[in-house]
Amino acid sequence: MTASEQFPVPTIVPNPEKEAPPHNAFVRWLLEHRVHQPVGPETVEDHGPQQSWWKVMCLTGVDYFSTLSYLPGIAALAAGALSPLATLLIVALTLLGMLPMYRRVARESPHGQGSVAMLERLLPFWRGKVFVLVLLGFVATSWIITITLSAADATVHLLENPFLPPALNGQAVPITVVLLLILGGVFLLGFSEAVAVAIPLVAVFLVLNGIIIGAGLVEALSTPGLITDWTSALARPGAGITGIIGPALIAFPLLVLGLSGFETGVSMMPLVAAKGTTPEEKLDSKVRNTRKLLTVAALIMSVYLIGSSFVTTVLIPAGEFQEGGAANGRALAYLAHEHLGNGFGSVYDISSILILWFAGASAMAGLINIVPRYLPSYGMAPDWARAVRPVVLVYTAISVLITIAFRADVNAQAGAYATGILAMMVSGAIAVTISAIAKKQRGAAIGFTVLSLVILYALVANVVEKPDGITISGFFVLGIIAISLVSRVSRTTELRVHSIEFDDAARQFISDSLAYDGRLNLIANRPQARDEAEYLGKEVDQRENNPVPGTADVIFLEIDVTDPSGFSDVLHVSGVEVGRHRVLRAESPAAPNAIAAILLALRDATGVKPHAYFEWSEGNPVAHLMRYLLLGRGDTAPVVREIIRENEPDPERRPGIHVG
């Protein structure tokens with residue numbers, strides 16, 4: 001007879017919580033794909049099929065590459081004739097700073113949680129949870145606004161087209177709302193469909209931009225006077241090295257709009273396919289492929305940025321970049337119409353509109369991959385928030401409301417977008433800096449420290465320039481914290497365990513007790529000295545104060561509260577002998593939930609209804625409630641009884657709770 005056969009309780013008992021199955025096909029479809037909390041190299045991703053790294057790069061690229069539609073115009077407006085040189089500095093920062101930073105994030109946070117997970121490890125208990133909620137507020141700001149801003153920018157490009165039907169003029173809000181609804185519809189179909197849409201959009205857009213840049217280079221080099229006029233502008237008085245760095249520093253907070261692709265790139269790691277025979281090998285392969293994704297995307301973007309910045313600066317009159325000018329926010333589209341004809345220009349407009357509309361797809365994918373990994377596992381969102389399709393509906397609804405509130409105005413949303421993106425980048429830079437310092441990598445630590453200061457400068461400059469951005473981000477942060485706290489309170493009566501695991505000693509104790517009198521009597525004990533005198537005194541008190549039969553066999557049950565800010569985990573129950581007393585011990589974020597889970601698990605495994613014996617706790621009930629919510633302890637007995645009542649509708653099958 002094996003060890004598993006000789007005991008009535010199996011080693012692993014599944015979560016006793018009764019989950020009602022979806023009652024119809026529509027609900028089953030909504031909850032079909034779920035995002036799971038990472039538990040190690042063996043983490044399973046079932047919210048979408050994995051894809052080759054270059055395909056995922058295209059999903060990231062709809063955000064990253066789409067910025068070519070407006071970044072050259074922003075650079076020219078901020079730096080004038082120095083735009084190509086300022087862009088070179090931005091490219092250097094991208095390749096020498098941002099790329100190494102996110103390659104490191106991919107290695108140290110390989111499940112799509114980004115730098116948030118790296119920083120979470122530094123702060124224990126509630127401090128860490130609150131810190132993560134604040135970061136998630138900025139994440140939500142940047143990616144929700146990415147969705148709305150990109151759709152609004154697509155609408156701008158649509159309305160600027162000379163062939164637009166007059167009836168659509170002035171209809172920016174309804175057009176943008178329709179684009180958002182279509183985007184949400186694509187994600188309701190699934191990640192594979194989103195990737196399938198992204199690949200041709202990115203391929204066509206890059207080809208068209210290559211044609212415009214190539215034709216622009218030919219014209220700039222073959223037309224007499226263009227290069228001379230540009231170099232003359234560079235040679236103006238005071239245009240030394242400081243004259244180049246100054247405009248670059250001014251332009252950087254604006255050009256940072258084009259760097260969000262790195263953050264979405266690491267957030268999509270769960271979608272990247274990997275090879276290997278073991279979980280560790282597959283995880284290493286996933287990291288390598290993600291790094292390849294980030295590197296290739298950065299190199300492609302760098303080449304296009306330099307080329308587009310040069311041709312737009314040399315070929316477009318400076319006045320056209322100003323507000324109201326034909327090249328304002330659409331420099332390459334201006335070149336396409338002016339130098340390659342309205343036919344080609346309209347094709348480019350269509351491509352720009354489509355990729356800008358779908359740029360929100362990478363942000364949607366990022367939100368789907370990162371937010372459900374935190375809030376439900378903290379108990380700060382309903383468990384259905386792990387399902388992909390319901391959260392797509394929520395994000396789409398929020399995006400529509402924001403679009404209506406801002407009247408689809410790109411400029412009104414730009415400050416919040418840049419604030420969110422920069423806050424995420426600052427957190428990433430700080431995370432890798434701390435990592436490099438911890439590993440005593442002096443060169444990397446110095447480099448990442450400099451990078452942190454540069455991005456922090458950009459964040460401060462953006463907040464000073466557009467203070468509304470930090471205000472909007474603050475509303476997102478407060479909203480997430482408020483919703484999280486309400487959800488945490490509403491989920492207090494859940495069992496909060498994935499499964500219950502009993503070691504052999506614990507199973508032996510339970511088997512012996514059943515063999516003695518066919519009953520299971522457990523005395524709840526809050527451990528102190530953990531010596532024989534403590535257990536003897538506790539047993540005597542319970543036999544006097546509670547209806548424990550005089551000859552009944554008893555087992556002690558102790559829960560050590562570990563991190564009360566946690567929510568759910570696997571509950572490991574071990575058996576320990578102290579003199580002649582037998583004790584079942586477990587660690588959990590909350591004592592009442594763990595006791596209720598163990599009692600229900602014992603009932604299900606043995607078919608015997610257990611009885612648990614408690615003492616009344618002294619003190620104010622309200623104070624006990626707050627202690628339970630914050631510290632995982634309080635007046636345990638009534639909370640255990642309520643949790644059992646919530647999870648077992650039949651009073652006859654509920655484990656007995658006795659308090660004396």
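All values reported here derive from a predicted model rather than from experimental measurement.
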Check your understanding: Donor-acceptor pair, Y304 side chain versus L68 backbone, under 3.5 Å?
Key -> no
Review point. Does some side-chain heavy atom of V62 sit less than 4.5 Å from a side-chain heavy atom of L356?
Key: no
Review point. Considering all heavy atoms of both residues, which atom of F448 and which atom of G97 are nearest to each other, and what is their separation?
Key: CE2-O, 4.5 Å
Point to revise | Check: Q413/T148 side-chain N/O donor and acceptor closer than 3.5 Å | key: yes
Review point. Hey, are the side chains of L294 and V266 touching, using non-hydrogen atoms and a 4.5 Å cut-off?
Key: yes
Check your understanding: Is any side-chain N of the basic residue among E108 and K439 closer than 4.0 Å to the acidic one's carboxylate O?
Key -> yes
Review point. Any sub-3.5 Å donor-acceptor pair from S285's side-chain atoms to K282's backbone N or O?
Key: no
**Study point:** Distance-only side-chain donor-acceptor flag, T419 / S473, under 3.5 Å
**Key:** no
Study note, to complete from the structure: Heavy atoms of S115 and M424 approach each other most closely as OG-O, 4.1 Å
**Study point:** Salt bridge R107-D284, side-chain N to carboxylate O under 4.0 Å
**Key:** yes
Check your understanding: With distance as the sole test, does T141 use its side chain to make a donor-acceptor pair with the main-chain N or O of G137 at under 3.5 Å?
Key -> yes
Check your understanding: Do any N or O atoms from the side chain of S351 and from the backbone of V347 form a donor-acceptor pair under 3.5 angstrom?
Key -> no
Review point. Any side-chain heavy atom of L95 within less than 4.5 Å of one from L299?
Key: yes
Review point. Taking side chain as C-beta onward, heavy atoms only, is S588 less than 4.5 Å from L571?
Key: yes
Review point. Is there a side-chain contact between F187 and Y395 (heavy atoms, below 4.5 Å)?
Key: no
Point to revise | Flag side-chain contact, heavy atom, 4.5 Å: M98 against I455 | key: yes
**Study point:** Non-hydrogen side-chain atoms of Y102 and V432 separated by less than 4.5 Å
**Key:** no
Exercise for review: For T155 and T176, run side chain to side chain donor-acceptor pair (under 3.5 Å): C-alpha distance rounded to whole Å, both residues' side-chain angles, the deciding distance at 0.1 Å, then the answer.
Suggested key: CA-CA 6 Å; T155 301; T176 305; 2.8 Å; yes
Check your understanding: Quick one: does Q50's side chain get under 4.5 Å of V272's, heavy atoms only?
Key -> no
Practice item. Please determine, by modelled atom types, if R103 and T295 share a side-chain donor-acceptor pair under 3.5 angstrom. Key: yes
